[in-house]
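Since this is a predicted model, take the numbers as computed values, not measurements. All values below were derived from every heavy atom in this structure, side-chain atoms included, with hydrogens, water molecules and symmetry-related copies excluded.
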Amino acid sequence: MPAPIRLRELIRTIRTARTQAEEREMIQKESAAIRSSFREEDNTYRCRNVAKLLYMHMLGYPAHFGQLECLKLIASQKFTDKRIGYLGAMLLLDERQDSTLVFLSGWFFNNTQYVQGLALCTLGCMGSSEMCRDLAGEVEKLLKTSNSYLRKKAALCAVHVIRKVPELMEMFLPATKNLLSEKNHGVLHTSVVLLTEMCERSPDMLSHFRKLVPQLVRILKNLIMSGYSPEHDVSGISDPFLQVRILRLLRILGKGDDDSSEAMNDILAQVATNTETSKNVGNAILYETVLTIMDIKSESGLRVLAINILGRFLLNNDKNIRYVALTSLLKTVQTDHNAVQRHRSTIVDCLKDLDVSIKRRAMELSFALVNGNNIRGMMKELLYFLDSCDPEFKADCASGIFLAAEKYAPSKRWHIDTIMRVLTTAGSYVRDDCVPNLIQLITNSVEMHAYTVQRLYKALLDDISQQPFVQVSSWCIGEYGDLLVSGQCEEEDPIQVTEDEVLDVLEGLLASNLSSPVTRGYALTAVMKLSTRLSSVNRIKKVVSIYGSSIDVELQQRAVEYNALFKKYDHMRCALLERMPIMEKAAANGPTETVQTNGEAEPAGLEPKHPPTIIQPANQANDLLDLLGGNDVVPVISTAPAMKPASAGGELLDLLGGLSLSAPTPAPPIPMSQPPFLLDGLSSQPLFNDIATGIPPMTAYNKNGLKIDFTFERSNTNPNIAIITIHAANSTEAEMTNFVFQAAVPKTFQLQLLSPSSSIIPALNQGPVTQVIKVLNPQKQQLRMRIKLTYNHKGSPVQDLAEVNNFPPQSWQ
Amino acid sequence: MQFMLLFSRQGKLRLQKWYVPLSDKEKKKITRELVQTVLARKPKMCSFLEWRDLKIVYKRYASLYFCCAIEDQDNELITLEIIHRYVELLDKYFGSVCELDIIFNFEKAYFILDEFLLGGEAQETSKKNVLKAIEQADLLQENQSEDWGGLAAEEVL
């Protein structure tokens, strides 16, 4: 059989292939030849064939059938075979094959350090956990040898063993005893790597090796102070690789430890000031030094030195250095904020850099540096950046701007302006969760509503493609459309907008292909809301009914419901589409707040409820007492409220007729026997409720058996918000169904009505219906309320309007 | 270091050294993606980029890209020096190395790399010592062939 083609020949041939198909054909042919050669157990050319296989493997072709051959090569006596065999093992084998036996042969049958070196290299590169476990002992032995060539390899091999089988770390400990006394730089370097690995993995090892700090400092000092050493010199610096590794180990040893940090202070200062910075190699050492200074307990002078080095890096022409500086500054900006602030302008300049990574880091760093003092200037730069940056940045930049604006906005108007600027320039990149946050922000800036809606409207006329922007805008138009049309804007010149124009815009959004389904939903709701704010109700009705047959299910549902609102529930439309109240800060707070107030209100509500209702029968009873005279009537009176509270005097008279009936009633006589004014006192002194606020409850309405009391609380989060709980009680014999309580407040207030506990008020004061009202009173004006009550009683509908003016001063002051 | 890749400007792989255990399929995927990413970089950009959870350090020497993947705690700037040292070693060994040398003598490029780095870390910081070790190993190859007969050293492969 002719000798297999030589390696270089094969490479040359394959390179002449002009197409992928041609190459594949050549490879397949050669693969077949190699395979048959393997089958014939050809020892002479095995090496050549495996080498060719490795080349083909690099081109991406399968070579697994050569795996066994690699092992045979390793077992061969010839060094050439072994060399290719070990290389093949590293390239073709992976951890899953158990090749321990093969490596063992390396130790026992060949003493050449080069073969042992190959074995160590292979084990340290791809040894599996089993292999590591089996051979750890051999590695440990070689770690103690005086042969520096093998010792350095054994050290890195040990690193790999420890990574694979961390439990074996202990066994290498004795061998580390005098590793650092070596003169050989290779051994020193690999020893430092090994020590680093051990210290990173085990706090015990870390404390144990702290004692090496002086020695490490000495070695580093020698490297810096010693003269030119040709063997290790790189651009005038002696063994930068070793210097960097020592600095890294010092970092780990000095972290959190005062003594160690103290011991390395001087050398760090020396390296920081003396290292040549004209070439990359010097900067590499400085970089590592800065990282170490920042991580250990260094004195402040050293820290400032470190930050200044980073500041100088920022001005370096080499973009790699700038990149590294920004990364480090980002890590230190939290702890050394003021020092980093000094370099703010340079950092902001980096926003204009051409490199994407540098821009990103500069952006992150800029956001970290924004504070109340520099917000205006920084925002200008950041907005400019937002305009011109790549799309991949826009979402993060927009979110960052919103956050910074929220924290440090110097004025509401500035805040709104900034939001608008972001929405109009990067409106399509704004994150979805920003939309509700922005809406909430706008809602809470009460004075800015007119200005906001005007500006948003104007911007909307120009561009309707950016969905988050369009969503926020249509929501605002829906909410504040009346302000828009009335042309009352204080902040800038009001524009003339007619109702039709507003509706044109919204209808345009609904019809446009650019609008997403979510946006359409917003637009439709906005149109609906305008039905209570504008007068073009007919037009709105038409729009809404059109979308009742929309293909989009969500839109259709909304339209149908809104249609129903027009038809069947028109009386509720105003209440439902009212101006939005101030929203609580985060969704999480909202519901819990409500629960709390309800929780507090309920028992609180019950307590005062009793005294007031008992007062009445007590009052009536007093009259009766006067009428009837005599104290023995008292127990009758006490029981009467329990059985028939607030009943007409006639019933009492009936009871008087049947004394024995009223006797065993379990009504609490004690509070009853106390004079009414004490009960009054109880209700006005908040022993059971309103402890925090001390606002007395009041009766707001009392007619035809329906009595409505108000109890008060102040909101914990916003002192301008009063939380009123209404308690509606029905003293008649028939229950009141379909009870709806509505309230209106003067313009300067805002009202939020939560759901009632029930719409049926049971008869005979058996269980009040409660409902919570939140009133925002930012101007602290006197609270007045107009209430409207509707219910069904004994089969017929009842409706009543009333004014409530007797609010206790504490509820609105 | 987790791995080092050498590839041409057309994206052809010239050397791949992996220091982490990965399946062949994964290696191919990573190689393909990374080569694409690095080749897409403009000349003005810096030598570092974030890719997945790794830091990538790359440098172009003539027609070859040298690309290393390092971990978070590793020093990017010194990695550039490591790459440079490797190129210097190749240069010294081959005498003004060019891509063709590495193509036709890839096994030697691996041998040199394996005398310089082990398990992803530098094992020898002296240029002289690395080259001396390679020299000795080459000599051993030759001498064995002489002693044992059979093919001459340069004829084996």
Side-chain angles (χ1 to χ4, degrees), chain A residues 6-8 11-12 15 44 47-48 51 54-55 58-60 78-80 83-84 87 94-95 112 114 117 120-121 124-126 128 149 152-153 156-157 159-160 185-186 189-190 193 231-232 234 239-242 244 248 280-281 283-284 287-288 319-324 354-358, chain B residues 12-19 21-24 28 42 44-50 73 75-82 84-85 103-107 110-111 114-115 117-130 133 136-137 140-141 143-145 148 150-151 153 155-157:
Chain A
R6 297 188 62 176
L7 171 65
R8 325 281 177 213
I11 297 175
R12 202 168 300 128
R15 281 172 65 77
T44 323
C47 185
R48 185 184 291 182
L54 293 180
Y55 178 73
M58 182 138 67
L59 291 180
K78 293 191 260 198
F79 184 63
T80 320
R83 244 183 159 184
I84 298 290
L87 180 61
D94 58 43
E95 300 203 322
T112 347
Y114 296 106
L120 280 169
C121 182
C125 175
M126 42 81 70
S128 66
Y149 177 79
K152 71 189 186 197
K153 291 182 193 269
L156 288 182
C157 202
V159 171
H160 181 84
H185 280 223
H189 186 270
T190 59
V193 174
E231 196 172 331
H232 299 112
V234 180
D239 206 339
F241 305 105
L242 182 57
V244 164
R248 186 161 151 186
N280 178 63
V281 62
N283 289 321
Y287 176 38
E288 197 74 35
K319 42 193 151 29
N320 293 333
I321 310 283
R322 290 204 299 275
Y323 174 91
V324 147
L354 293 163
D355 185 291
V356 156
S357 310
I358 290 182
Chain B
K12 292 220 123 140
L13 200 60
R14 299 301 179 205
L15 191 144
Q16 49 172 335
K17 188 74 190 179
W18 298 86
Y19 296 109
L22 289 166
S23 71
D24 239 13
K28 281 210 172 113
K42 303 195 195 58
K44 282 263 183 269
M45 293 177 144
C46 72
S47 301
F48 315 128
L49 61 108
E50 299 94 42
Q73 330 86 289
N75 182 327
E76 293 98 317
L77 298 179
I78 208 73
T79 309
L80 279 174
E81 291 300 319
I82 297 231
H84 192 73
R85 175 57 65 88
I103 294 172
F104 280 96
N105 301 285
F106 70 92
E107 86 278 8
Y110 274 110
F111 295 153
D114 286 338
E115 276 304 321
L117 303 178
L118 199 156
E121 304 283 348
Q123 59 178 288
E124 180 57 66
T125 58
S126 153
K127 228 188 309 187
K128 188 180 84 176
N129 288 350
V130 175
Q136 300 282 36
L140 184 60
Q141 248 185 264
N143 293 342
Q144 273 196 349
S145 310
W148 298 0
L151 292 169
E155 288 176 0
V156 172
L157 288 181

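Annotation: maximal heavy-atom pairing with chain A below 4.5 Å, among B:Lys44, B:Lys28, B:Gln136, B:Glu50, occurs at B:Glu50. Each of B:Ala137, B:Ser23, B:Pro21 has some count of heavy-atom pairs under 4.5 Å with chain A, and the biggest count is that of B:Ala137. Considering only heavy-atom pairs separated by less than 4.5 Å from chain B, the leading option among A:Leu54, A:Asn320, A:Val281, A:Thr44 is A:Asn320. Of all the listed residues (A:Thr190, A:Leu156, A:Leu7), the one sharing the greatest number of non-hydrogen pairs under 4.5 Å with chain B is A:Leu156. Contact count versus chain B (heavy atoms, under 4.5 Å) is highest, among A:Glu288, A:Met58, A:His160, for A:Met58. Among the candidates B:Leu15, B:Ile103, B:Leu117, B:Leu22, the residue making the largest number of heavy-atom pairs closer than 4.5 Å to chain A is B:Ile103. Considering only heavy-atom pairs separated by less than 4.5 Å from chain A, the leading option among B:Asp114, B:Val130, B:Asp24 is B:Asp114. Contact count against chain A (heavy-atom pairs under 4.5 Å) is highest for B:Phe48 among B:Tyr19, B:Phe48, B:Trp18. With respect to chain A, the highest number of heavy-atom pairs below 4.5 Å among B:His84, B:Arg85, B:Lys42, B:Lys12 belongs to B:Arg85. By number of non-hydrogen pairs under 4.5 angstrom with chain B, the leading residue of A:Gly124, A:Cys157, A:Cys121, A:Ala51 is A:Cys121.
Using a 4.5 Å cut-off between heavy atoms, B:Lys128 contacts chain A through its side chain alone, with no backbone atom that close. For A:Val159, no part lies under 4.5 angstrom from a heavy atom of chain B. Heavy atoms closer than 4.5 Å to chain B are found in both the backbone and the side chain of A:Tyr55. Both the backbone and the side chain of A:Ile11 have a heavy atom closer than 4.5 Å to some heavy atom of chain B. Contact annotation for A:Asp239: only side-chain heavy atoms (C-beta onward) come within less than 4.5 Å of a heavy atom of chain B. Only the side chain of A:Val234 comes within less than 4.5 Å of a heavy atom of chain B; its backbone N, CA, C and O stay farther away. Proximity to chain A involves both the backbone and the side chain of B:Arg14, based on heavy atoms less than 4.5 angstrom apart. With a 4.5 angstrom heavy-atom cutoff, B:Asn129 touches chain A only via side-chain atoms.
Residues A:Arg48 and B:Glu107 are not paired through a salt bridge, judged by the lack of any N-O separation under 4.0 Å between the basic side chain and the carboxylate. Electrostatic pairing of A:Lys153 and B:Glu115 counts as a salt bridge here, judged by a charged N lying under 4.0 Å from a carboxylate O.
Using a 4.5 Å cut-off on side-chain heavy atoms (C-beta onward), A:Asn280 and B:Glu81 make contact. Between B:Met45 and A:Ser357 there is no side-chain heavy-atom pair separated by less than 4.5 Å. The side-chain heavy atoms of B:Asn143 and A:Phe79, taken from C-beta on, include no pair separated by under 4.5 Å. Side-chain contact check for B:Glu76 versus A:Tyr287: some heavy-atom pair is nearer than 4.5 Å.
Residues meeting the salt bridge (charged side-chain N to carboxylate O under 4.0 Å, His left out) test with A:Arg12, sequence neighbours left out: A:Glu9. A:Arg83 meets the side chain to side chain donor-acceptor pair (under 3.5 Å) test with B:Asp138, B:Gln141; sequence neighbours excluded.
Note: B:Gln144 CD to A:Thr112 OG1 = 7.0 Å, rounded to the nearest 0.5 Å. Remark: A:Tyr149 OH to B:Gln123 CD distance equals 7.0 Å, nearest 0.5 Å. Note that OG of B:Ser126 is 12.5 Å distant from CG of A:Leu242, once rounded to the nearest 0.5 Å.
Judged by distance alone, with hydrogens and angles left aside, the side-chain atoms of A:His189 form no donor-acceptor pair with the main-chain N or O of B:Thr125 at under 3.5 Å.
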- Candidate pair B:Asn75 and A:Val324, rule side chain to side chain contact (heavy atoms under 4.5 Å, CB included), full reasoning: CA-CA 9 Å; B:Asn75 182 327; A:Val324 147; over 6 Å; no
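Between A:Arg6 and B:Leu157, the shortest heavy-atom distance links the atoms NE-O, 3.0 Å. Residue B:Glu124 comes nearest to A:Lys152 through the heavy atom pair OE1-NZ, 2.8 Å, listed as atom of the first residue, atom of the second, then distance. Taking each heavy atom of A:Cys47 and B:Val156 in turn, the nearest pair found is SG-CG1, 3.9 Å.
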